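In this chain, residues are counted from 1 in sequence order. No experiment lies behind these values; they were computed from the predicted model shown.
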Amino acid sequence: MKGRLVAIIVFLLFIFVFTSGLFEGIVNFLTWLVTLNMTQSNISIAGEIFVKIAAWIISYTAVGIIFGALGWFNSDVMKFVYFIISTLVSFALCYIVMILETYLLYIVIGLGVLLAVVIVLAIVLYIRHRKV
């Protein structure tokens with residue numbers, strides 16, 4: 001009797017969650033991720049190689065740490081979670097590399113100016129320190 005009551009409550013909760021629109025944000029986010037990957041894949045070959053290697057390293061490390069802490073290492077769930085984490089990390093890295101490649105000239109100019117300021121500041125401080 002207790003099992004049936006729990007099953008009915010879980011069923012009602014399940015229906016409420018799906019009819020209330022709580023998953024709409026998740027579905028919209030996942031749709032955005034897929035369209036981003038399909039339409040914004042105009043990064044360089046070097047960027048793609050970096051993304052694949054970095055996504056593999058980050059995903060395996062994160063999944064290994066999570067499932068090692070839970071004590072579920074080498075479970076079947078681990079493969080599914082690795083796929084999800086790998087996909088999300090890959091999407092995020094593709095987006096970051098795309099932005100970096102788009103604004104690379106501005107980033108290099110900004111870092112060059114910053115480096116010049118640091119060098120001038122170091123020279124000025126060295127000269128002041130030497131006079132004292």
Side-chain angles (χ1 to χ4, degrees):
M1 181 68 179
K2 186 177 179 181
R4 287 185 182 177
L5 183 63
V6 170
I8 290 172
I9 292 172
V10 169
F11 178 71
L12 291 175
L13 184 65
F14 183 74
I15 288 177
F16 170 75
V17 166
F18 277 108
T19 58
S20 67
L22 292 175
F23 285 114
E24 182 180 3
I26 295 170
V27 170
N28 288 339
F29 176 71
L30 292 176
T31 304
W32 174 78
L33 282 176
V34 169
T35 57
L36 174 72
N37 189 39
M38 298 302 172
T39 60
Q40 301 293 336
S41 61
N42 55 356
I43 61 175
S44 67
I45 294 175
E48 288 181 18
I49 292 171
F50 168 76
V51 166
K52 296 224 184 276
I53 292 172
W56 180 77
I57 290 171
I58 292 169
S59 301
Y60 266 109
T61 303
V63 170
I65 290 171
I66 291 169
F67 281 87
L70 292 174
W72 296 349
F73 206 78
N74 289 335
S75 66
D76 289 334
V77 176
M78 194 171 166
K79 297 172 191 172
F80 181 69
V81 172
Y82 168 75
F83 173 73
I84 292 172
I85 290 177
S86 175
T87 303
L88 293 176
V89 167
S90 177
F91 286 145
L93 288 176
C94 277
Y95 187 70
I96 290 169
V97 168
M98 184 186 68
I99 288 174
L100 287 176
E101 287 181 352
T102 302
Y103 298 106
L104 186 61
L105 181 63
Y106 300 119
I107 293 170
V108 169
I109 290 171
L111 289 176
V113 168
L114 183 65
L115 180 64
V117 168
V118 168
I119 289 173
V120 168
L121 185 62
I123 291 171
V124 169
L125 289 176
Y126 178 73
I127 293 172
R128 279 194 176 177
H129 176 69
R130 193 169 170 197
K131 285 184 181 179
V132 173

> Considering non-hydrogen atoms only, spot the tightest contact between Gly47 and Val97 and give its length.
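The answer is CA-CG1, 3.9 Å.
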> Tell me whether Tyr95 is reachable from Tyr106 by hopping between hydrophobic residues (I, L, V, M, F, W, Y) whose side-chain heavy atoms are closer than 4.5 Å.
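Yes, because Tyr106 and Tyr95 connect within a single hydrophobic cluster, where side-chain heavy atoms sit under 4.5 Å apart.
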> Among the clusters formed by ILVMFWY side chains lying less than 4.5 Å apart, do Tyr126 and Val117 turn up in the same one?
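No; Val117 is not reachable from Tyr126 via cluster members.
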> How does the hydrophobic cluster around Val10 look, that is, which other residues are in it when side-chain heavy atoms under 4.5 Å mark a link?
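The other cluster members (ILVMFWY side chains, heavy atoms under 4.5 Å, direct or chained) are Val6.
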> Measure across Ser86 and Ala55 and return the closest heavy-atom pair with its distance rounded to 0.1 Å.
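That would be O-CB, 4.5 Å.
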> When rounded to the nearest 0.5 angstrom, what distance separates CG in Leu93 from CD in Glu48?
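Between atom CG of Leu93 and atom CD of Glu48 there are 13.0 Å.
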> Considering non-hydrogen atoms only, spot the tightest contact between Thr61 and Ile57 and give its length.
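Looks like OG1-O, 2.7 Å.
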> Aromatic rings Tyr60 and Trp56: how do their planes relate, parallel, tilted or perpendicular, breaks at 30° and 60°?
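It falls in the perpendicular class, over 60°.
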> Just how far is it from atom OH of Tyr103 to atom CE of Met98, taken to the nearest 0.5 Å?
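Between Tyr103 OH and Met98 CE, I get 9.0 Å after rounding to 0.5 Å.
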> Starting from Ile9 and following side-chain heavy-atom contacts under 4.5 Å between hydrophobic residues (I, L, V, M, F, W, Y), which residues can be reached?
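Noted: Ile9 shares its cluster with Leu5.
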> Rounded to the nearest 0.5 Å, what separation is found between the CG atom of Leu104 and the CD1 atom of Ile109?
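That separation rounds to 10.0 Å.
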> Considering residues at least two apart in sequence or located in another chain, which fulfil the side chain to side chain contact (heavy atoms under 4.5 Å, CB included) criterion with Ile49?
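If we apply the side chain to side chain contact (heavy atoms under 4.5 Å, CB included) test to Ile49, skipping adjacent residues, the hits are Ile45, Ile53.
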> Run through Ile119, Leu125, Ile123, Val118 and flag the one making a side-chain contact (heavy atoms from CB on, under 4.5 Å) with Leu121.
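For Leu121, the side-chain contact (heavy atoms from CB on, under 4.5 Å) check succeeds only for Leu125.
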> Roughly how far, to the nearest 0.5 Å, is the CG atom of Leu13 from the CZ atom of Phe16?
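Nearest 0.5 Å value for the CZ-CG distance: 8.0 Å.
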> Measure the CD1-CZ distance between Ile96 and Phe91 for me, rounded to the nearest 0.5 Å.
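Between Ile96 CD1 and Phe91 CZ, I get 14.0 Å after rounding to 0.5 Å.
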> Minimum heavy-atom separation for Val63 to Tyr82, with atom names?
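Smallest interatomic distance, heavy atoms only, reads CG2-CA, 3.7 Å.
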